[in-house]
Protein chains: 2
Amino acid sequence: MTAGSGAAPEVLEELNRLRSSIDNMDAALVHLLAERFKITQRVGELKATHGLPPADPEREARQIARLRALAADARLDPEFAEKFLTFVVAEVVRHHEAIASERPLAGSPVDGRG
Amino acid sequence: MTAGSGAAPEVLEELNRLRSSIDNMDAALVHLLAERFKITQRVGELKATHGLPPADPEREARQIARLRALAADARLDPEFAEKFLTFVVAEVVRHHEAIASERPLAGSPVDGRG
């Protein structure tokens with residue numbers, strides 16, 4: 001059967017309303033992520049140009065702790081918040097590797113958290 | 001060496017400015033994700049209560065196509081946007097499974113896209 005057949009019109013109406021909010025949030029998330037990557041791109045260039053160490057474990061630990069605390073306050077699973085950061089960072093590392101491969105100073109392992 | 005030693009003060013200043021923007025965006029992302037999960041939680045309850053089919057492949061295809069187009073406009077890799085949706089949906093499925101396991105009508109496989 002197709003989605004919603006058999007359900008009352010007011011139920012389908014609520015489902016559509018909720019889905020429209022999900023779509024709005026997904027658009028906002030994608031645009032925020034696009035901006036975040038613009039900034040980490042700049043961080044990668046800065047580090048490569050000035051020979052700065054690509055990884056900063058202390059900053060990374062602070063970022064994770066802060067995001068977990070923000071998540072807990074917002075009733076989001078802190079484990080998920082940390083997994084989310086790890087997921088985004090993996091993509092940033094991919095970008096930084098692309099930058100590093102074009103520059104002689106940045107041949108060392110890269111960091112994605114910015 | 002510690003992060004930034006050896007670099008000019010103005011470089012470290014720019015790095016700190018960029019990191020502060022990354023932190024602001026991460027906070028925004030976490031809060032948006034928290035709201036998104038509130039809504040998909042409600043979708044899961046609605047579907048379970050009214051015996052609606054958990055998966056809707058047509059909606060899923062539309063969501064992916066739309067996010068990829070939004071990403072391309074925002075200069076975000078469309079592949080990454082799709083991976084991101086898949087990542088979030090996997091978490092929603094986990095939540096829906098928890099809801100479904102508490103309700104007799106919702107024993108069928110669950111969908112995470114809402």
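Just so it is clear: chains get the letters A, B, ... in the order the sequence lines come, proteins before strands, and each one is counted from 1. If you're wondering where the values come from, they're calculated on a predicted model, not measured in any experiment. The figures that follow rest on heavy atoms only: side chains count, while hydrogens, waters and symmetry mates do not.
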Sequence neighbours excluded, which residues qualify as salt bridge (charged side-chain N to carboxylate O under 4.0 Å, His left out) partners of A/Arg17? A/Glu14
Please list all pairs passing the ring-ring contact (aromatic ring centres under 6.0 Å, His included) test where one or both residues lie in residues 51-76 of chain A, with sequence neighbours left out. none
What distance do [X] atom [atom1] and [Y] atom [atom2] have between them, rounded to the nearest 0.5 Å?
X	Y	atom1	atom2	value
A/Lys47	B/Leu15	NZ	CG	6.0 Å
B/Phe37	A/Met25	CZ	CE	12.0 Å
A/Leu12	B/Leu52	CG	CG	6.5 Å
A/Leu29	B/Glu35	CG	CD	11.0 Å
A/Lys38	B/Leu76	NZ	CG	10.5 Å
A/Ile64	B/Asp26	CD1	CG	11.0 Å

Could you report the tightest heavy-atom contact between [X] and [Y], atom names first, then the distance?
X	Y	answer
B/Asp56	A/Arg19	OD2-NH1, 3.5 Å
A/Val11	B/Leu46	O-CD2, 3.8 Å
B/Ala74	A/Ala34	O-CB, 3.5 Å
B/Ala27	A/Leu70	CB-CD1, 3.6 Å

Side chain, backbone, both or neither: which part of B/Asp77 has a heavy atom under 4.5 Å from chain A? side chain
Counting C-beta onward and ignoring hydrogens, is there a side-chain heavy-atom pair between [X] and [Y] closer than 4.5 Å?
X	Y	result
A/Glu91	B/Lys83	yes
A/Gln63	B/Ile22	yes
B/Thr40	A/Leu18	no

Before giving the answer on salt bridge (Lys or Arg N to Asp or Glu O under 4.0 Å), spell out for B/Arg62 and A/Asp23 the whole-Å C-alpha distance, their side-chain angles and the decisive distance to 0.1 Å. CA-CA 10 Å; B/Arg62 278 197 307 274; A/Asp23 289 346; over 6 Å; no
B/Phe87 vs A/Phe84 aromatic rings, parallel, tilted or perpendicular, using cut-offs 30° and 60°? tilted
